[in-house]
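Nothing here was measured: the structure is a model prediction, and the numbers come from that model.
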Amino acid sequence: QVQLVESGGGLVQAGGSLRLSCAASGLAFTAYSMGWFRQAPGKEREFVAAINWSGGSTYYTDSVKGRFTMSRDNAKNTVVLQMNSLKPEDTAVYSCAAKRGFANMQSPNTYNTWGQGTQVTVSS
């Protein structure tokens, strides 16, 4: 069974940094897309970033460009979201997700495997 486990969330002050990790098991990590999504209270789930696992190409929503970086660690079977210059509006539960293929990576309903989520809180 494919499992994704996020870690690295926490409480930071505005301007600080957090490094989120998503460890995968039961997944080959080839020909897959991996995505990061977030959901704040009372709001819909929002695309944050995604990576083409095979080629390593990354994609970001406009609000995090220049601040967040998604990367892969093939040896550890892990994807990482490095979040810098955090803002209070980044506060949300962050979840990683996986799917086969590379189409519609911004759409959460195209992913079929999800982690449990990790809370990120940015204080002002």
_Interatomic distance, Asn77 atom CG to Cys22 atom SG [nearest 0.5 angstrom]_ = 9.5 Å
*asked:* Within the 4.5 Å heavy-atom criterion, are Val48 and Tyr60 side-chain neighbours or not?
replied: no
*Atom pair OG1 (Thr113) and OH (Tyr32), whose distance is rounded to the nearest 0.5 Å*: 7.5 Å
*Answer with yes or no whether the hydrophobic clustering places Tyr94 together with Val80; edges join I, L, V, M, F, W, Y residues whose side-chain heavy atoms lie under 4.5 Å apart.*
no
*Apply salt bridge (Lys or Arg N to Asp or Glu O under 4.0 Å) to Lys87 and Asp90, showing your working.*
CA-CA 5 Å; Lys87 305 174 181 179; Asp90 295 318; over 6 Å; no
*Between Lys99 and Ser33, is any side-chain donor less than 3.5 angstrom from a side-chain acceptor?*
no
Could you tabulate the donor-acceptor pairs under 3.5 Å formed by side-chain atoms of residues 13-20, not counting sequence neighbours?
| from | atom 1 | to | atom 2 | distance (Å) |
| --- | --- | --- | --- | --- |
| Ser17 | OG | Asn84 | OD1 | 2.8 |
| Arg19 | NH1 | Gln82 | OE1 | 3.2 |

*Would Leu4 and Trp114 satisfy side chain to side chain contact (heavy atoms under 4.5 Å, CB included), going step by step from the backbone distance to the final call?*
CA-CA 6 Å; Leu4 304 175; Trp114 291 82; 5.7 Å; no
*So do Glu46 and Ser63 actually touch side chain to side chain, heavy atoms under 4.5 Å?*
yes
*Under 3.5 Å, side chain of Thr110 to main-chain N/O of Ser107, donor-acceptor pair present?*
yes
*Side-chain contact, heavy-atom cut-off 4.5 Å: Met34 with Tyr111?*
no
*After noting the C-alpha distance and the side-chain angles of Trp36 and Met70, does the key distance pass the side chain to side chain contact (heavy atoms under 4.5 Å, CB included) rule?*
CA-CA 9 Å; Trp36 284 99; Met70 188 174 183; 3.4 Å; yes
*Quick one: list whatever passes side-chain contact (heavy atoms from CB on, under 4.5 Å) with Gln116, sequence neighbours left out.*
Val5, Glu6
*asked:* Tell me whether the rings of Phe37 and Phe47 are parallel (<30°), tilted (30 to 60°) or perpendicular (>60°).
replied: perpendicular
*Lys76 and Thr78: which non-hydrogen atoms are nearest, and at how many Å?*
O-OG1, 2.8 Å
*Taking the side chain as C-beta and beyond, is there a heavy-atom pair between Thr91 and Gln119 under 4.5 Å?*
yes
*Check whether any side-chain heavy atom of Arg38 sits under 4.5 Å from a side-chain heavy atom of Val93, and report yes or no.*
no
*asked:* Could you work out, with side-chain contact (heavy atoms from CB on, under 4.5 Å) as the rule, every residue matching Ser85, not counting sequence neighbours?
replied: Arg67
*Can Met105 be reached from Phe68 by stepping across I, L, V, M, F, W or Y side chains whose heavy atoms are under 4.5 Å apart?*
no
*Straight-line distance of Leu81 CG to Thr118 OG1, nearest 0.5 Å*: 11.0 Å
*Measure the CG-OH distance between Asn52 and Tyr59 for me, rounded to the nearest 0.5 Å.*
6.0 Å
*From CG (Leu11) to OG (Ser123), nearest 0.5 Å*: 5.0 Å
